[in-house]
K.L.:
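This is the structure I want to talk about, given as structure tokens.
Bear in mind the structure is a predicted one, so any value in this text is a computation, not a measurement.
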Amino acid sequence: MSAPRPAGAVDTPVLVVGGGPVGLTLAAELGWRGTACMLVEERTEPTRHPKATLLGARSMEYLRRFGITDEIFAAALPPEVNYFITFSTRLAGRELYRVTSPSIRDTIERPAAVMAKYRELSWSPYYKTQIGQQAVEPVLWRFAAAQKGVDLRHGWRFEEFADRGSHVESRLTELATGRTRTVRSRHLVACDGGASAIRKALGVRMNGRGRMRANVSFYFRSADFLAIHGKGLGNLYFVFAPDAFGVFTAIDGRDFWNFQYYFLDPAKETAALDARDVLTRAVGKPFDFELLGTQHWHHHQSVARRWRVGNVFLAGDAAHLFVPTGGVGMNTGIGDAVDLGWKLDATLRGWGGAALLDSYEEERKPVAVRNSVISANNSDKIDMVMDEIGPEIEDDGPAGDAHRAYITARIRWMARQFNSAGTHLGYRYVDSPVIVADGTPEPPDDFMQVVPSTWPGSRAPHAWLTDDTTVRGTSTLDWYGRDYVLVRAPGAPDGAPLTAALAAAGAPCRTETLPAALAALHEKPLVLVRPDGHVCWRGERAPADPGAVAARVRGALP
């Protein structure tokens, strides 16, 4: 017999704990799909510290469905500035190497010269977007708040929960008044960060390399910063002086900046650092600044052993902790939110089968392992180069020149990690229980490049459907979001039996026809794409048992 309903309890289908980018994306995803939810967060305003500072192309594709990418661009670095990464002895010292990337304006407009130079722009409507978490959160917050049925409870603390089997009971406290509320939800999702109290209460351990080296971040305001170093406006500035390893990050490109101070010695004490001393050594000369915040943190490569326990799910940092090199952590969390969001919606609407929610862990956990290992390897490569830097890096004369030439060659090798389109766009759901494999070889998984494919489990390829090939044009990706979409090549066999089987189960589905010029890109005449834009079946003709395929992809087979 189910537990009696507590007096004054509030009911919601999904309770999301944590109002960072992952929790807000999940609430937005559910609301956009028409499923009610509640989000609880202690903070009453967005985070002030930038923390994560990059939205990858896949995250921007997801946000494109919400219609908020213009707001993201407006809050990011100035649109006319080419992104670049510099590597210098000290920031105001000798520049050793530079990596250049397209600006936001170039990404939007896509002139021919830019397209010829940056192949990454052929794989997605988007490139990397440099934007701090403190600027991302308000955009997501506004969008989520505007969705009917989304109840944002900022200023409330999540206290405890009990999974009753049929539902989860949670207790919340309003910080301003001290009053408590019991919330009954069908599902509870922990987006409560790396120190997740919910994960700990579930007894779920983390696997992987765990905590790595220490770091300190100094977030500061300085109108003089650009002028003092003379390198121009870039997005990342690495400093490779032996007493000042680290990286400066542009937050708004004008006044706000962040410096991550790195230590090769994992035992180094970091609590008593003087920000002015550290920043002066890193730049190479004194400059005026206002320190806005200091964060002590560690690199991690950790993934939760379990992502679902009963009616409770983990997402974002609660499920995985990353090294920031590569900018993959927040983006992996946004991918978690999208994957879990459509599956929760499908289950609550009744057409998602019992295996659909189980597939969340089976799909997203391998992606988190993949991405966290890539990020940790990136960090290892940076550390290896830093460890080879000697005091002569700043010397004049032949010895200094020779050492800088050697280190520059090592930097060129290491800097390949910043060509990371494959990391952001190339992940796929291998051996997923809700994907129908076709027995063909898996395409290469290369962190530097994307191999567009409809291999089952892959992100469906992007191609422009209009003569307008700026970001304002229409992409094949715009077909995907709310429904299953059966994509037919011109002259392909009839796929109606499969769409009929999905419709009979209540799953939203429709058919789109590819232009003839794009048929080769999709490899097979018939390709079924899920609501999250991943291929779940493909074939030369409709399946012999369309009911079984429809049941598999919506999680209704054991």
K.L.:
Does the side-chain contact (heavy atoms from CB on, under 4.5 Å) test come out yes or no for M414 and F238, once each step is laid out?
P.N.:
CA-CA 12 Å; M414 175 269 290; F238 280 87; 5.8 Å; no
K.L.:
Regarding S124 and E61, is there a side-chain donor-to-acceptor distance under 3.5 Å anywhere?
P.N.:
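E61 and S124 do have a side-chain donor-acceptor pair below 3.5 Å.
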K.L.:
Check P286 against I228 and note the closest heavy-atom contact, atom names and distance.
P.N.:
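For P286 versus I228, the nearest heavy atoms are O-CD1, 3.9 Å.
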K.L.:
Mind telling me whether F87 and F240 have parallel, tilted or perpendicular rings, with 30° and 60° as the class edges?
P.N.:
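If you compare the ring of F240 with that of F87, the planes turn out tilted.
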K.L.:
Measuring only between side-chain heavy atoms, which start at C-beta, is S379 closer than 4.5 Å to R213?
P.N.:
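With C-beta onward as the side chain, the pair touches.
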K.L.:
Any side-chain heavy atom of R364 within less than 4.5 Å of one from H320?
P.N.:
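In short, these two side chains do not touch, never coming nearer than 4.5 Å.
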K.L.:
Just by distance, no angles: are the side chains of D468 and T470 close enough, under 3.5 Å, to form a donor-acceptor pair?
P.N.:
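Distance-only check passes for D468 and T470.
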K.L.:
Could you tell me whether R276 sits above the aromatic face of F289, with NZ or CZ closer than 6.0 angstrom to the six-membered ring centre and within 45 degrees of the axis?
P.N.:
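Geometry flag: set, cation within 6.0 Å and 45°.
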K.L.:
Within the 4.5 Å heavy-atom criterion, are H424 and W123 side-chain neighbours or not?
P.N.:
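Counting from C-beta outward, H424 and W123 never come under 4.5 Å.
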K.L.:
Tell me, with the steps shown, if R530 and D339 meet salt bridge (Lys or Arg N to Asp or Glu O under 4.0 Å).
P.N.:
CA-CA 10 Å; R530 335 190 287 194; D339 187 88; 3.5 Å; yes
K.L.:
Can you classify the ring geometry of Y118 versus Y127 as parallel (below 30°), tilted (30 to 60°) or perpendicular (above 60°)?
P.N.:
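If you compare the ring of Y118 with that of Y127, the planes turn out tilted.
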K.L.:
Kindly assign one of parallel, tilted or perpendicular to the pair H229 and F225, based on the angle between their ring planes and the thresholds 30° and 60°.
P.N.:
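Aromatic pair H229/F225 classed perpendicular.
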K.L.:
Using side-chain heavy atoms (C-beta onward) and a distance below 4.5 Å, is V323 in contact with N378?
P.N.:
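A side-chain contact under 4.5 Å is absent here.
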K.L.:
With a 4.0 Å cut-off on N to O distance, would you call D478 and R64 a salt bridge?
P.N.:
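Here D478 pairs with R64 in a salt bridge, since their nearest N and O are under 4.0 Å apart.
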K.L.:
Apply side chain to side chain donor-acceptor pair (under 3.5 Å) to T100 and N82, showing your working.
P.N.:
CA-CA 7 Å; T100 304; N82 274 355; over 6 Å; no
K.L.:
Salt-bridge test for R209 and D380: reply yes if a basic N is under 4.0 Å from a carboxylate O, no otherwise.
P.N.:
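Yes, charged N to carboxylate O under 4.0 Å.
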K.L.:
Taking K343 first and then E362, would you say they form a salt bridge - that is, a charged N and a carboxylate O separated by under 4.0 Å?
P.N.:
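Result for this pair is no, no salt bridge flagged.
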K.L.:
Quick one: does Y261's side chain get under 4.5 Å of V239's, heavy atoms only?
P.N.:
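They are not in contact (no side-chain heavy atoms under 4.5 Å apart), so the answer is no.
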K.L.:
Given side chains that start at C-beta, do those of F158 and L188 come closer than 4.5 Å, heavy atoms only?
P.N.:
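Yes; the side chains approach each other to less than 4.5 Å.
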K.L.:
Does any donor atom in the side chain of S217 or W297 lie under 3.5 Å from an acceptor atom in the other side chain?
P.N.:
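Result is yes, a qualifying pair exists.
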K.L.:
Would you find a donor on one side and an acceptor on the other, under 3.5 Å apart, between the side chain of D192 and the backbone of A197?
P.N.:
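It does hold such a pair.
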K.L.:
Indicate whether the side chain of S103 and that of E80 have a donor and an acceptor atom separated by less than 3.5 Å.
P.N.:
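On atom types as modelled, these side chains do not qualify, holding no pair under 3.5 Å.
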K.L.:
Mind listing the side-chain donor-acceptor pairs of residues 90-97 below 3.5 Å, one per line with the distance, residues two or more places apart or on another chain?
P.N.:
| from | atom 1 | to | atom 2 | distance (Å) |
| --- | --- | --- | --- | --- |
| R90 | NE | E394 | OE1 | 3.4 |
| R90 | NE | E394 | OE2 | 2.8 |
| R90 | NH1 | D243 | OD1 | 2.9 |
| R90 | NH1 | R281 | O | 2.8 |
| R90 | NH2 | D243 | OD1 | 3.0 |
| R90 | NH2 | E394 | OE1 | 3.0 |
| R94 | NH1 | E394 | O | 3.2 |
| R94 | NH2 | D396 | OD1 | 2.3 |
| E95 | OE1 | R98 | NH2 | 2.8 |
| E95 | OE2 | R98 | NE | 2.8 |

K.L.:
Is a salt bridge present between R43 and E137, judged by a nitrogen-to-oxygen distance below 4.0 Å?
P.N.:
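Yes.
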K.L.:
Does NZ or CZ of R58 lie under 6.0 Å from the centre of the six-membered ring of Y62, at an angle within 45° of the ring axis?
P.N.:
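Yes, R58 and Y62 form such a contact.
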K.L.:
Any side-chain to backbone donor/acceptor pair from T332 onto V367? Under 3.5 Å, distance only.
P.N.:
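Not at all, since once roles are kept as given, no pair shorter than 3.5 Å links the two residues.
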K.L.:
Mark yes when over 12 heavy atoms from residues, nucleotides or ligands other than R472 sit less than 6.0 Å from its CZ; otherwise mark no.
P.N.:
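Counting neighbours around CZ of R472, more than 12 heavy atoms of other residues, nucleotides or ligands fall under 6.0 Å, so yes.
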K.L.:
Taking the inter-plane angle between the rings of Y429 and Y427 on a 0 to 90° scale, is it parallel (under 30°), tilted (30 to 60°) or perpendicular (over 60°)?
P.N.:
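Because their plane-to-plane angle lies in the 30° to 60° range, the rings of Y429 and Y427 count as tilted.
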K.L.:
Can we say K128 and E120 salt-bridge, meaning some charged N sits less than 4.0 Å from an Asp/Glu carboxylate O?
P.N.:
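Looking at E120 together with K128, the answer is no, because their closest N to O distance does not fall below 4.0 Å.
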K.L.:
On the 0 to 90° scale, with breaks at 30° and 60°, tag the H49-Y219 ring pair as parallel, tilted or perpendicular.
P.N.:
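Tilted, since the angle between the ring planes falls between 30° and 60°.
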K.L.:
Answer yes when R221 and D252 have at least one side-chain N-carboxylate O distance shorter than 4.0 Å, and no when they do not.
P.N.:
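Looking at R221 and D252, the cut-off is not met.
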K.L.:
Parallel under 30°, tilted from 30 to 60°, perpendicular over 60°: which one fits the rings of H299 and Y262?
P.N.:
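Plane angle over 60°, so perpendicular.
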K.L.:
Is there a side-chain contact between F259 and V283 (heavy atoms, below 4.5 Å)?
P.N.:
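No, every pair of side-chain atoms sits at 4.5 Å or beyond.
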K.L.:
Under a 4.5 Å cut-off applied to non-hydrogen side-chain atoms, are L54 and Q130 in contact?
P.N.:
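Side-chain contact under 4.5 Å: yes.
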K.L.:
Heavy-atom count around D70 CG within 6.0 Å, excluding the residue itself: above 12?
P.N.:
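Atom CG in D70 is not crowded, with 12 or fewer foreign heavy atoms closer than 6.0 Å.
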